[in-house]
Amino acid sequence: MKKILFLVILTILCSCKSHHKQGVASNDCDTVALKYATHISIVKHHDYTVVKLADPWNTGKTLHTYVLVPADKKLPAHLPNGAVVRTPLKKAVVATSVHCSLVIDMGKGTSIGGVCEPQYIHIPYILEQLKKGVVADCGSGMAPTVEKIIDLQPDAIFLSPFQNSGGYGKVEELKIPIIETADYMETSALGRAEWMRFYGMLFGCEEKADSMFAEVEKGYQELKELAKTSTVRKSLMMDKQTGSVWYVPGGQSTIGGLIADAGIDYPWQDDDHSGSLALPFESVLEKAEHADIWLFRYNAPHDITFQELLSDNVGYKQFKAFNDREVYGCNTASSTFYEDTPFHPHLLLRDFICIAHPDLQLGEPTFFIKLHE
């Protein structure tokens, strides 16, 4: 009997042990159920929330742990190890345009105090605030200007982590929480989009973010089911050669998953890489020579034509899609592809279905435009 009682007590004490320092135990916690995201876990406690980011490059290791504590409450005496973030954030440096766009969508655009590399941002609100001096240009996303950040005194800095990057340099010495936006390492489009629930917690709009994600999920799943009803089955190749290398999405990448969910055949659909594959031209030609459709992204001051594409590489005329004039380009200099699609993947899924399944009559695609002569 004593043994049974001891086991019951031990179970209670250990139920949330992984989220506490050794010797601090509580069973007053609630794990947030995430349906698609695999690199993040969220556990709510009475006075704080623990968010753990899994290291996408080192299986079983943690990239970062955050302890979110409401700013209007006294800091609890006993907290687990992790970077303490007082929420909601009132002023943040947001390095990437995609996360700027998300924060604005959540209704918290006024909380953006600084951005990095504004030359790559096409969001009217941010450009206007930069012009007014309300939002500061904090330099490079890889090495933000420390002096600017010190002047701003932000509550947090949103930066993208990269494998073997060596950290964030002097920015780490500022003792300002660095939110590592590793959402791009998720292997499914909905998995990445689900990170908006974490970002909503940071900016004090959790319910809004949850509602937004529910709408994204619903729209995505409806389109996925619609694609299954098409009587048309086509194959698709992605992107184009850059220098001596042609980067194509891996079979397990978010783009690879989107193509599969759109009911489209993909030459690398059996590949198990979650990132891009760096291939020589010959390898792409061997696998995708007979693809029905060609979609690629580019950045240019004007929309590219077939002649310009051919002048880049005469070898393109060996592809069926080129000769059939089934080529669609997304000019990221004039479209909001990178701002909109990561957290609204249903919009990109719709583009794929519009192009590959004309029988479903969804209308014209939003991001990819058919090339002209």
Side-chain angles (χ1 to χ4, degrees), residues 31-43 49-66 94-103 105-106 141 158-165 178-203 206 209-210 212-221 223-224 238-239 247-262 266 268-277 297 337-352 367:
T31 299
V32 176
L34 298 173
K35 296 176 67 175
Y36 306 96
T38 58
H39 294 315
I40 184 171
S41 65
I42 304 172
V43 180
T49 298
V50 175
V51 181
K52 287 192 175 184
L53 309 186
D55 188 333
W57 300 286
N58 296 287
T59 304
K61 293 188 177 182
T62 299
L63 179 68
H64 217 128
T65 299
Y66 302 100
V94 184
T96 65
S97 61
V98 59
H99 295 98
C100 284
S101 181
L102 175 63
V103 173
D105 285 348
M106 294 190 299
F158 289 68
L159 295 173
S160 295
F162 296 98
Q163 187 176 20
N164 302 322
S165 66
I178 295 175
I179 308 301
E180 299 199 79
T181 53
D183 49 80
Y184 76 96
M185 289 300 295
E186 290 288 342
T187 57
S188 73
L190 287 176
R192 182 178 190 181
E194 195 168 23
W195 277 57
M196 72 173 69
R197 301 178 64 189
F198 165 45
Y199 299 133
M201 291 179 178
L202 291 171
F203 286 95
E206 181 179 351
D210 287 351
M212 284 173 55
F213 178 70
E215 290 182 14
V216 168
E217 180 189 21
K218 181 174 181 291
Y220 189 99
Q221 296 295 3
L223 284 167
K224 181 179 176 180
M238 282 293 301
D239 293 321
Y247 292 98
V248 302
Q252 297 302 311
S253 66
T254 55
I255 294 293
L258 277 158
I259 294 171
D261 288 343
Y266 181 54
W268 290 270
Q269 60 194 20
D270 296 326
D271 172 79
D272 60 2
H273 290 85
S274 59
S276 295
L277 303 174
R297 294 161 287 185
F337 177 89
Y338 287 120
E339 288 83 1
D340 291 342
T341 61
F343 290 103
H344 298 85
H346 60 299
L347 301 179
L348 182 53
L349 180 61
R350 180 187 174 277
D351 260 29
F352 287 166
F367 305 103

Going through the checks in order, is the side-chain contact (heavy atoms from CB on, under 4.5 Å) test met by Thr96 and Ser160? CA-CA 8 Å; Thr96 65; Ser160 295; 3.5 Å; yes
Evaluate side-chain contact (heavy atoms from CB on, under 4.5 Å) for Trp268 paired with His273, printing each intermediate quantity in order. CA-CA 9 Å; Trp268 290 270; His273 290 85; over 6 Å; no
Check the pair Ile42, Thr31 against side-chain contact (heavy atoms from CB on, under 4.5 Å), reporting the backbone distance first and the verdict last. CA-CA 6 Å; Ile42 304 172; Thr31 299; over 6 Å; no
Output, in order, the C-alpha distance, side-chain angles, deciding distance and verdict of salt bridge (charged side-chain N to carboxylate O under 4.0 Å, His left out) for Lys218 and Glu215. CA-CA 5 Å; Lys218 181 174 181 291; Glu215 290 182 14; over 6 Å; no
Lys52 vs Leu63, test: side-chain contact (heavy atoms from CB on, under 4.5 Å). Steps then yes/no. CA-CA 8 Å; Lys52 287 192 175 184; Leu63 179 68; over 6 Å; no
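The NE2 atom of His64 sits 7.0 Å away from the CD1 atom of Ile178 when rounded to the nearest 0.5 Å. Taking CG of Leu223 as the start and CZ of Phe352 as the end, the distance is 12.5 Å to the nearest 0.5 Å. Here NZ of Lys224 is found 10.5 Å from CD of Glu217. Values are rounded to the nearest 0.5 Å. Rounded to the nearest 0.5 angstrom, Met185 CE and Thr254 OG1 are separated by 10.5 Å. Taking CE of Met106 as the reference point, atom CZ of Phe203 lies at 6.0 Å (rounded to 0.5 Å). To the nearest 0.5 Å, atom CD of residue Glu339 and atom CG of residue Leu102 are 12.0 Å apart.
Here the closest non-hydrogen pair linking Val94 and Cys100 is CG1-N, 3.6 Å. Nearest heavy atom pair, residue Leu277 against residue Gly250, reads CG-CA, 4.3 Å. Across all their heavy atoms, Gly141 and Leu159 have their closest contact at O-CD2, 3.7 Å. Residues Val216 and Pro345 share a closest heavy-atom pair of CG1-CD, 3.7 Å. Contact detail for Phe367 and Asp351: the closest heavy-atom pair is N-OD2, 2.8 Å. Taking each heavy atom of Phe213 and Leu190 in turn, the nearest pair found is CE1-O, 3.6 Å.
Side chains of Phe158 and Thr181 form a contact here, defined as non-hydrogen atoms less than 4.5 Å apart. Side-chain contact check for Ile259 versus Met238: some heavy-atom pair is nearer than 4.5 Å. Side-chain atoms of Pro161 and Trp57, non-hydrogen and from C-beta on, do get closer than 4.5 Å to each other. Contact of the Thr65 side chain with the Val50 side chain is registered, since non-hydrogen atoms from C-beta on lie closer than 4.5 Å.
For the side chain to side chain contact (heavy atoms under 4.5 Å, CB included) criterion with Val51, the lone passing option out of Ile179, Ile40, Val32 is Ile40. Tested against Ser101 for a side chain to side chain contact (heavy atoms under 4.5 Å, CB included), the candidates Asp105, Val103, Val98 yield a single pass: Asp105.
No side-chain donor-acceptor contact under 3.5 Å links Ser274 and Ser253. Between the side chains of Glu186 and Tyr36, no donor-acceptor pair is found at a separation under 3.5 Å. Side-chain atoms of Asp261 and Tyr220 form a donor-acceptor pair, as typed in the model, at a separation below 3.5 Å.
Proximity of a side-chain donor or acceptor of Ser188 to a complementary backbone N or O of Gly191 within less than 3.5 Å is detected. Side-chain atoms of Tyr266 do not come within 3.5 Å of backbone N or O of Ile255 as any donor-acceptor pair. Here the side chain of Asp210 pairs no donor or acceptor atom with the backbone of Arg197 at under 3.5 angstrom.
A perpendicular orientation is assigned to the rings of Trp195 and Phe198, their planes being inclined by more than 60° (bins at 30° and 60°). Using bins of under 30°, 30° to 60° and over 60° for the plane-to-plane angle, the ring pair His99/Tyr199 lands in the perpendicular bin.
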